[in-house]
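Notes follow the structure.
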Amino acid sequence: MKAGNRRRFLVLSCCLVVAACTGAPDVAEPANEIAWVKKVMVHGVPIHATNTTGDDKLLHAAGVLAQFLDNDEDGEIDNPKVHQAILDTAGTIVMTGTQDEAHEMDWANAPRGQGLYDEETEIDARARGVFDIALEEIWHMVSDNGYGVAYPDVFGTEPGTALTDAMDIARGGRFDGPPDEYPEGAWYTYDDETCDYGCMASEYIYWVYTSFIGAQDLPGRLDQIGHEWPLNTPEKLKEGEPALYEILSDPEYRIPMVIPDGTYDGAPLEIEPYTFRSPYEAANRKIRRDKFDLVLPEIMRERGVDMWIHVMRESIPDSFGIDELGSASGVFVFTDRGDRIERAVLGRRWGATQRGWGETDYRYVEQSGAYDIVAPAVRVQEPVGGPETEYDYRFEGLRDFVAERDPSVIAVNFKHKLGPWPTYRGEIDGLSHTDYLLLSGELGEMYASRLISSEWLMLDYTNHQVPSEVELLKRMRRDEIWLFENALDAIEPGVTGIDETELTIMRRMRTGQSQRGRSDGWEDAVVQGGDIVTNPSIGMYAYVLRDGETEPPPEIQELWAEYLRVEAILAETIRAGLTPREIIADYEQKFEEAGIVVRDNQLHMVSAKNDFPAYAAGFDATKTHISIDSHGQTKGARPRSVETYFGPRIGSLGPDWSKNIPLAPHHHFVIEYFFYMPSPAPEGEDQYLLWWAHEEALATEDGIEYLSPPQTELILIQ
């Protein structure tokens, strides 16, 4: 296609560049000699560093961060709201030795955060008349994770905030990225083509803020930066950017006014050994608290439940209890006390083994801030030193606890009507018969007669999202896209093995062989021209050009156009508040009008591989055939997002009850479907092309809300 046509294809010359403000360096081959070995905790905010980062540079960066948070160095945080936002969003600085080193590292299992290099960190910078890049990179994290989250209408990087409105004036208009040429009179003219709108805003507030405090007022500095930012002194800024100057001067925001020099006297800063923690841990803790505050009262009262008891079987991994409730051990009791839902953890043990503390989460419930009552943990060991089994201590004292609250309806974690089926991996059934007898015996006949299944509560809890959860899902999506782009960058067509990519490859194959790289015919395969390389769970797709191609061939362009057409129909059809049954009826009509045949089963799973005549038997073989299974996806406080079929299920698969549950606001699900598009090919090759989508998204009353802007142009790899 030529310039000016409706669709433009982006060509990647195997060199994807991630903008500096994203905080994530590019990825190539891993450098095994480089390791994450140390960190400094700055008022709870980590700076992680490699063995190639000097201790002096690490401590200097820690001092700069500390001075941004505690500018008067009295040991107290200046703006607790900003500090809490940084903690909630897991704001982090990651330091490597050099930029080249960062490009060579394997970042798949590394700490994530705003990048800073030893080589660009300058100690005693102002005394030497140079600019310390640590000010820039650390401020990016403080502004993006802190001020932008704490005051989104003012410092947010989306269009329409006070910050971005001023930026659009400074740039001479609203542009997604840098224009080919800035309008005459523009004074913020950042020209990095990899920097999108949000990145531009992050860079803009960096220039504005550092000029506001005088950090850019250095000998010769204007000559270095004037081509993109000329307002490098407080005086110039006050005249050229009066609106933002006034905002930064407003005491409400408690902006740090003194230029950080890295010498912090407010509290000791000490280097500690690095230990890997999930970058989402703090956000998950907040999600758990938010779901207790916002979801529990709604669902318990709607279901008429006064008390919810969730019993953990210590030898059986219960992901709902471990992740959502926060411990592998204990009897969790949630009681409606009228003004709030009381949260208690009883009957738990400490110690992973009888020998000592071991690897255990027993202290987490005390530290989480999510529980009102936490009973002392029981030390469990072999007789005669303690209880013989978990049966001997878990329910001890529960009768008095329950009687004091006198609930009329008690939900307990066993399933009655919504049980699992053999192919389902999800919430387990819960109590054993022994558990039920022991629990009933402890409660006594009156309260035991009030027990019901908590299956509907668990379903509701799993399928109701809170704002902090949605925020984390979008943050995780940004990280996933970053990894996808770097995986594409590492592909060398004809050389890179499909297994090496850790991505999904789709390719036209001979009849009887799968078009997805998962079965016979794909052994030792390498990525080659004509392949579609994808991560369907984030809705990202790329095409590998063949020798001599400058754009996809017509059949691939038609396949891509069909994908966009299918997406558009589903995007306007799947809505919160509707049941799957209503949604299915709506999209079946729309697909029929579009000439697309909706089928019940995923055809390649129930008939011969890549045999389109068999797929189309009894149907119109000239039309695209589609099968849909947009099942639930759940995150909650879990470490990662996982599939769940325990809730509304949009499509032909699943039990009948799953079609009658209205989608909750911001229902988290996957837009999953396979479609099979007729595509004539040489004899022996597939006469249709397969497409697979499995993108996580949210359902709102207005339709699908994507976790990242939907891809509209097929990426090309040369």
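Just so it is clear, the model here is predicted, and its values are computed rather than measured. Keep in mind that the numbers below use all heavy atoms, side chains included, and drop hydrogens, waters and symmetry copies.
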> Is it the case that Q633 and T644 place a side-chain donor and acceptor less than 3.5 Å from each other?
Replying inline: no
> Does the distance from a Lys or Arg side-chain N to an Asp or Glu carboxylate O, for K590 and D586, drop under 4.0 Å?
Replying inline: yes
> Does V345 reach the side chain of I373, with side-chain heavy atoms less than 4.5 Å apart?
Replying inline: no
>> Could you check whether R285 pairs with E281 (Lys NZ or Arg NE/NH1/NH2 to Asp/Glu carboxylate O, under 4.0 Å)?
In response: yes
>> Assess, by modelled atom type and distance only, whether the side chains of E672 and H631 contain a donor and an acceptor separated by less than 3.5 Å.
In response: yes
> Taking 4.0 angstrom as the limit, do R649 and D656 come out as a salt bridge?
Replying inline: no
> With a 3.5 Å cut-off and no angle check, do the side chains of S468 and D290 form a donor-acceptor pair?
Replying inline: yes
> Does a side-chain heavy-atom distance below 4.5 Å link D165 with R174?
Replying inline: yes
>> I'd like to check I505 versus R516 (side-chain heavy atoms, cut-off strictly below 4.5 Å). Are they in contact?
In response: no
> Do you know which two heavy atoms are closest between E324 and T634, and how far apart they sit?
Replying inline: OE2-OG1, 4.5 Å
> With a cut-off of under 6.0 Å to the ring centre and 45° to the axis, is R599 in cation-pi contact with F619?
Replying inline: yes
> Shortest non-hydrogen contact from F395 to D435?
Replying inline: CE1-O, 4.0 Å
>> Is the ring pair W308/F320 parallel, tilted or perpendicular, if the boundaries are 30 and 60 degrees?
In response: tilted
> For R112 and T92, what are the C-alpha separation, side-chain angles and deciding distance, and is it a side chain to side chain contact (heavy atoms under 4.5 Å, CB included)?
Replying inline: CA-CA 7 Å; R112 304 286 178 79; T92 305; over 6 Å; no
> Under a 4.0 Å N-O cut-off, is there an ion pair linking R394 with E442?
Replying inline: no
> Are P536 and Y541 close enough that some pair of their side-chain heavy atoms sits under 4.5 Å apart?
Replying inline: yes
> What class does the angle between the rings of F155 and Y151 fall in, given that below 30° is parallel, 30 to 60° is tilted and above 60° is perpendicular?
Replying inline: perpendicular
> Hey, mind stepping through L564 and W560 against side chain to side chain contact (heavy atoms under 4.5 Å, CB included) and telling me if it holds?
Replying inline: CA-CA 6 Å; L564 296 179; W560 181 252; 3.6 Å; yes
>> Using a 6.0 Å distance limit plus a 45 degree cone around the ring axis, check whether K81 lies over the aromatic ring of Y147.
In response: no
> Considering all heavy atoms of both residues, which atom of G156 and which atom of L163 are nearest to each other, and what is their separation?
Replying inline: O-CD2, 3.8 Å
> Salt bridge check: are R575 and E701 linked by an N-O gap of less than 4.0 Å?
Replying inline: no
>> Run Y447 and D406 through side chain to side chain donor-acceptor pair (under 3.5 Å) and show every step you take.
In response: CA-CA 8 Å; Y447 288 112; D406 193 27; 2.8 Å; yes
> Charged N to carboxylate O under 4.0 angstrom, E705 versus K474?
Replying inline: yes
> Does the side chain of Y371 reach to within under 4.5 Å of the side chain of V333, using non-hydrogen atoms?
Replying inline: no
> Side chains of E567 and Y673: is there a donor and an acceptor less than 3.5 Å apart?
Replying inline: yes
> Hey, are the side chains of P678 and T622 touching, using non-hydrogen atoms and a 4.5 Å cut-off?
Replying inline: no
>> Let's go through V295 and Q465 carefully: what are the C-alpha distance in whole Å and the side-chain angles of both, what is the deciding distance for side chain to side chain contact (heavy atoms under 4.5 Å, CB included) to 0.1 Å, and is it a yes or a no?
In response: CA-CA 8 Å; V295 175; Q465 279 63 52; over 6 Å; no
> Would N660 and T579 count as having a side-chain donor-acceptor pair, cut-off 3.5 Å?
Replying inline: no
> With a 4.5 Å limit on heavy-atom distance, are the side chains of S453 and K417 in contact?
Replying inline: no
>> Set out, in order, the CA-CA distance, both residues' side-chain angles and the distance that settles side chain to side chain donor-acceptor pair (under 3.5 Å) for T89 and N145, then state yes or no.
In response: CA-CA 6 Å; T89 58; N145 293 75; 3.1 Å; yes
>> Could you report the tightest heavy-atom contact between A150 and A85, atom names first, then the distance?
In response: N-CB, 4.1 Å
> Under 3.5 Å, is there a donor-acceptor pair between the Q602 and S627 side chains?
Replying inline: no
>> Do R405 and F401 form a cation-pi contact, if we require the NZ or CZ to be under 6.0 Å from the six-membered ring centre and within 45 degrees of the ring's axis?
In response: yes
>> I'd like to know if the side chain of Y645 pairs up with that of D629 as donor and acceptor (distance under 3.5 Å, no hydrogens or angles considered).
In response: no
>> side chain to side chain contact (heavy atoms under 4.5 Å, CB included) for L472 and K635? Distances and angles first, verdict last.
In response: CA-CA 9 Å; L472 180 57; K635 169 65 182 66; 3.8 Å; yes
> Do R340 and D372 meet the salt-bridge criterion of a basic N to acidic O distance under 4.0 Å?
Replying inline: yes
> Can any side-chain N or O of N463 pair as donor or acceptor with the backbone N or O of F646 at less than 3.5 Å?
Replying inline: yes
> Between L698, L578, I650, T700, which is the residue that forms a side chain to side chain contact (heavy atoms under 4.5 Å, CB included) with L663?
Replying inline: I650
